[in-house]
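Okay, so here's the structure we're looking at.
Below, chain A is the first sequence line, B the second, and so on; all start at residue 1.
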Amino acid sequence: MFKFTLGLSLFLPLILLLLPSQKERVVAWVNMGIQLLLLALFFTMLTNSELCEFSFTLSESLGLHYHLLIDEFNKYLILLTALIFPLVTYASIDFIKTEKKLFHLMLALSYLLIVQTFLAQNLLFFYAFWECSIVPMFFIIGIWGGGNRLLATYKFVLFTALGSILMLAAILFLVVANYKISGVFTFELQPLLRLQETLPLSAQRWAFLAFAFAFMIKIPVPPFHTWLPYAHVEAPAPGSMLLAAILLKMGAYGFIKFVLFLFPAVVEEWRLPLMAIFVLGALYGSALAFVQNDIKKIVAYSSIGHMGILMLGLVTPSESAISGAMLSMLGHGLTSAALFYSIGLLYERLHTRDLFHFGELATTMPRFSLLFFLITLSAMAVPPTLGFASEFFIFLGAISYSLKMVITSNHYLFIAVSGAAMLTILLGTLYSLRLVKYLLWGKKSEASLLRAGVRDLNLGECSVFTVLLLFIFVLGIYPQFIIESFKLAIKGLSIS
Amino acid sequence: MSELFLILFFPLVGFLINGLWGSRLQEKSCALIGCAFPLLSLFLLTYKTAVSDFYGVSILFTWVSFENLTIDFALKLDHLSLLMSFIVLGIGSLIHIYSTKYMHGDQSFARYFSYLNLFLFFMLLLVLANNLLVMFIGWEGVGLASYLLIGFWYKENENASSGAKAFIVNRIGDIGFLLGIFILAFHFQTINFDEINRAASTANASATMINLSALFLFIGACGKSAQLPLHVWLPDAMTGPTPVSALIHAATMVTAGIYMIVRLHPLYMQATAVLPLIAVIGTLTALLGALVATVQSDIKRVLAYSTVSQLGYMFAALGVGAFYPAMLHLFTHAFFKATLFLSAGAIIHALHGEQDIYKMGGLAKKMPWNMVAFLLGSLCLAGVPLTSGFISKEAILMHTYSHSHSYSQTLTILLLITAALTAFYISKTFFLVFLPSKNGSEKPLHAIAFAMSLPVIALAILSIVVGLFHIPAFMENYLNLAKSITIKEEAHILIPALSLSLSAFAIAIAYLITVKQIKIVPKILEQKFYFDHLYEKVLLSTLRAFCKRVLATIFEVKIIEAAIWSMRDLVLFSSRRVTLLTNGQIQWYVLLILMALSLLMVWWFYV
Amino acid sequence: MNQVELLFYGGLLIVIIGLLGVISRKNLLSILMFQELSLNGVNLVLVAGSILHHNYHGAILSFITFIVTAAEMAIAILILLLLIKKRKTLDVTFYSELKG
């Protein structure tokens, strides 16, 4: 079944290519139908807990195996991808007005490439798909984006490519070092994991820096985050949904899968600086979100804040912190998809993204207001949402580890960093409530009074929100069932 | 045991029904649904506790299970939580009935009842929680419901801001609460109340950890129960409907902090470094609240600051280890403060929205029953003998006096001054509102429905009854909280004598001031000791300015982006310089070829 | 320095003079003439080489060079004439389409 699913995701772009471009609705519904089918397939595969592995050797001597595997780390990310894509496709039916077939083609290509990136176990293939997955985004932002889209898309592509080139250098370095040490030339991840014992620490540090740089650009971690506000503001709403919900998680996934496994000694050595960078980045992102006047920028900067806390959870060697971080990937994916979808809805009706042009939406669009408010609760980490559960676990792990450090080795800086991290809760509340206040409450602003009455959500739009909210609340109330499946994965990370 | 979950979830069902379909229903149906579910929970609870041994813990499912920490979604019914549940459901139901007429004709009638039911659900969750996490879910949930209800009439920007202020200040406390949870989870490997209490009393519990966790949990309690300096949200919360103020900001939500500390009282008894802090902050809050209340002209604000002050009393009691008196005062305060708020609501309703006490007057003849209710509430608040308020206040004062630390005498003196001030401001308010005066309007009053007057009278009667029928003694045995102070002999005479004489003096002055119409308002009191100023300017404006000017403009634009743009500029600069080599002149190319060739030859021959 | 060496270094000198002229002249015709001079210098070097190595390779190569040079000059002059007709100038600085 795994091979069939992979094949289907490969043929989806081809099928769409063959459909005539005049029949736009047909293209859209075929796209969505096949994506829903893929969702069902992935879901059944993963609940059956059979081993899903596929390996095809291109070249034994060069160590190039097209090796795909669903393990505990990418399992839920694949499901997240499979869930978000049909929603993005549905959103693009209304939001994209020109060249619809091309857009759906880009979405299908994006689907294929992202899934391959998550599944790849061979470093070279991971790199190749990582680079390629930028290409559909390049076109999505560049063709269907806002006024400043060319700058945004070039910045996005070039910045990410810069990091990726360094990562390629590090990959080649690792492979050659492995060849020199063990005589085997391979790009596979498993054999390369043994390098952590044999490679000298100084060399490991450089490779770590290169990998980390690439992922920190993608996640993004300030100060390498400047492409994100541009990309989000100029991208069309479905593009933003895709970017925030899935592409950012690729960076975090890469960090777990490659950096944490390949260089545990370096991470151990540099744990405090890493935690500090991530926390400062989270505080910076949340602080900036507080003073923006463009609603898309507010949500973009809030993404930076959330990802910063997620990364804090990843580098803390505590079971609850890492579980929380992986849960947070799901939570943030769902929440930001919903937030960008709502911004897209608002833009479609009122053609503005200025915070002060809205007002009193609770009266004019009551259904939207309710759903939007519920999403904001998850962004603010109010129980019983998934946002709260994941942040609770991350902070629990971080504070526990910091206290342990204080007791065992008198390191007070850890607790300072973790304590500062908790200020993001306050900042999150500040910017979320500000957003809610200017959108939902208050009197209708003069600018919006000039427009005719806006229509509330129809059934389809409500159901997009409902699906996302369902997962957010159910997983927030009962996270144990996902945490269970992370336990095995975390054992592999050998936490003390 | 599953009935406990029914009792918990009934209000949630009411919330969902009214929330999703309420706008299509008639006002009567919404009211019926809104009141039915809390009453159902109340009856079920009463029935179950009367009929069977309903106490115990019931676990629904495991929320999360890590290697060394397991958190279940579990509820616990014991004497303490039963008492709180009765307060919540009892006063809650009466206020629901009151609201059916108070909110009559409001556009969003259904939304109001759905929010109120949501609040009850979260409050019950908080009260019935078996561990700190479930309590925290309820804790944040009531904060959320409070935000929604304070900003209920959201068309006014001020209401939305007040709601946000409440939520934000609450959240600052919640950060502390979470830190407390984490420290306890780390040290005791559990966040279950019983297990923490047991572990804290053993010898190998670390004093630092206990003190730290107690401190941070107390910060959380300060946020929720409006203690210094996190009290700034409570007066502004008065922009919400009056029944909301009665329920949330007098009887139930603000008492959550005290409830939490009483729940964890074995832990707090070990936290010897934190208890003095609690006592001091409680006393200062009590004093500050009373001082500011003396100069308020809005009747709801008088009551709001009065609540802040009374909560301070409860924390002062907690700080000296007098857990039972704190709970007793919580219990009595819930009744008489709700009475006061509801009767104030009736006054506001009758006067078509007038809230300024200096514009009221002569209502004694026009609203006699209301006057009696307000009078009974005021007597309780002032601590006049034979009222329940008297018993609980004296209990607190006697315990603070008998406490063995050096500072307790100072605290007792301050609390006595506060009692005098309390008597002063509430009697001043009573005299201004009800005695004949020339400020009173001559407009005909809006009629008060029976549904509104019944709860007021019921609560007034209850606030007196509790004092008269030895209920406190019964409660003391019932709750069985740890006791650490023995009351000194002389306290039994000294304290009541002092407080009564001070109160009588204060009431007399209040009467004189009202009759002579003196109005002195010192600047510092008017500015509420500049705490609101602190919140507005220091927290919000400075933070916003810092983020905007420093981070957004300088950092983001000038430093970080400048780094990126400078890379682009560097590339463009160097590439422009390099293109100078391709000037199209063939001779130049020939020259370059020759130079390269000669260099190659030199290298070939000599290297 | 004997005669062969003189021939060799003389030829080399003529090549260099010719190259320098190619680089520095403005008129296309002058460039061609200097290039011609350079090729003549090459011939001298080839003859000297032939004498030095005591075989006829250099001489034969110099014959071929003569013929090729002559043919090349014929075509070059023709191109020059066409260029004058098109651009009215033989100033080489104006022929810069390869710029950028």
Side-chain angles (χ1 to χ4, degrees), chain A residues 155 158-159 162 222-227 229 284 287-288 290-292 318-320 323 360 362-363 366 370 373 377 380 382-384 388-389 392-393 395-400 403-404 407 418-419 422-423 425-430 433-434 436-437 440-443 477-480 483-484 487, chain B residues 19-20 23 61-69 73 133 136-141 143-144 147-148 151 154-157 159-161 163-164 167-168 170-172 174-175 178-179 181-183 185-187 206 209 540 543-549 551-552 555-556 559-561 563-564 567-568:
Chain A
K155 201 161 181 183
L158 288 174
F159 212 153
L162 174 68
F224 309 120
H225 65 284
T226 43
W227 61 270
Y284 183 75
L288 250 71
F290 183 42
V291 290
Q292 299 299 323
S318 149
E319 186 192 350
S320 89
S323 309
E360 216 184 327
T363 322
L370 171 68
F373 188 74
L377 289 182
M380 275 198 282
V382 171
F388 167 72
F392 182 83
F393 296 145
F395 288 129
L396 174 66
I399 300 277
S400 300
L403 285 172
K404 196 166 76 163
I407 291 179
S418 310
M422 295 192 70
L423 287 176
I425 300 180
L426 174 64
L427 284 169
T429 317
L430 283 170
L433 286 184
R434 178 169 180 259
V436 166
K437 175 171 143 186
L440 303 184
W441 317 133
K443 282 222 167 38
I477 294 174
Y478 189 51
Q480 176 59 9
I483 301 277
E484 267 309 315
K487 277 198 207 268
Chain B
L20 293 173
S23 46
F61 56 82
T62 306
W63 192 63
V64 80
S65 161
F66 293 124
E67 225 174 273
N68 45 14
L69 179 69
F73 188 88
L133 180 86
F136 187 71
I137 298 179
W139 191 273
E140 289 259 20
L144 175 69
Y147 165 76
L148 290 171
Y154 56 81
K155 295 210 177 85
E156 304 298 320
N157 270 320
N159 298 351
S161 302
F167 199 66
I168 290 170
N170 254 316
R171 269 241 141 169
I172 297 177
D174 291 345
I175 296 180
L178 279 174
L179 271 171
I181 296 183
F182 295 145
I183 298 177
F186 168 71
H187 191 61
S206 147
M209 289 291 156
L540 285 188
L543 184 64
R544 195 176 290 140
F546 173 72
C547 290
K548 201 174 193 116
R549 272 182 226 130
L551 295 181
F555 250 84
E556 184 80 355
I559 298 184
I560 299 181
E561 296 227 3
I564 313 254
M567 268 200 277
R568 164 192 178 265

- Looking at A:Y478 versus B:F73, is the centre-to-centre ring distance below 6.0 Å? no
- Shortest non-hydrogen contact from A:V436 to B:Y147? CG1-OH, 3.6 Å
- Answer key: most heavy-atom pairs under 4.5 Å with chain B among A:F373, A:F159, A:F224 is A:F373
- Task: With rounding to the nearest 0.5 Å, note down the distance linking CD1 in A:I407 to CE in B:M209.
- Result: 3.5 Å
- Are the side chain of A:E360 and the backbone N or O of B:K155 linked by a donor-acceptor pair below 3.5 Å? no
- Message: Can you tell me which of B:A545, B:A185, B:S65, B:A164 forms the most heavy-atom pairs within a distance under 4.5 Å of chain A?
- Response: B:S65
- Donor-acceptor contact present, side-chain B:E67 to main-chain A:E319, <3.5 Å: no
- Under 4.5 Å from any heavy atom of chain B - which part of A:T363: both
- Item | Structural part of A:I483 lying under 4.5 Å from a heavy atom of chain B | side chain
- Query: In Å and rounded to the nearest 0.5 Å, what is the CD1 to CG distance from B:I168 to A:L430?
  - Reply: 4.5 Å
- With a 4.5 angstrom heavy-atom cut-off, which part of B:L144 approaches chain A: side chain, backbone, both or neither? side chain
- Taking side chain to side chain donor-acceptor pair (under 3.5 Å) as the test, write out the residues that go with B:R171, two or more places apart. A:T429, B:E140
- For the candidates B:I181, B:L179, B:N68, which exhibits the highest count of non-hydrogen atom pairs separated by less than 4.5 Å from chain A? B:L179
- Query: Side chain, backbone, both or neither: which part of A:A389 has a non-hydrogen atom closer than 4.5 Å to chain B?
  - Reply: both
- Message: Run the side chain to side chain contact (heavy atoms under 4.5 Å, CB included) test on B:D174 and A:I425 for me, step by step, so that the C-alpha distance in whole Å, both residues' side-chain angles and the decisive distance to 0.1 Å come before the verdict.
- Response: CA-CA 9 Å; B:D174 291 345; A:I425 300 180; over 6 Å; no
- Task: Determine yes or no for a side-chain-to-main-chain donor-acceptor pair under 3.5 angstrom, with B:W63 supplying the side chain and A:Q480 the backbone.
- Result: no
- Ranking A:V382, A:L427, A:L403 by heavy-atom pairs under 4.5 Å to chain B gives rank one to A:L403
- Query: Among B:N157, B:N159, B:I137, B:L69, who wins on heavy-atom pairs under 4.5 Å with chain A?
  - Reply: B:I137
- Message: Counting only non-hydrogen atoms closer than 4.5 Å, does B:F66 touch chain A with its backbone (N, CA, C, O), its side chain (CB onward), both, or neither?
- Response: both
- Top contributor to chain A interface from B:W139, B:F546, B:F136 [non-hydrogen pairs under 4.5 Å]: B:F136
- Query: Measuring from B:L178:CG to A:I399:CD1, what's the distance to the nearest 0.5 Å?
  - Reply: 9.5 Å
- Query: With a 4.5 angstrom heavy-atom cut-off, which part of A:F388 approaches chain B: side chain, backbone, both or neither?
  - Reply: side chain
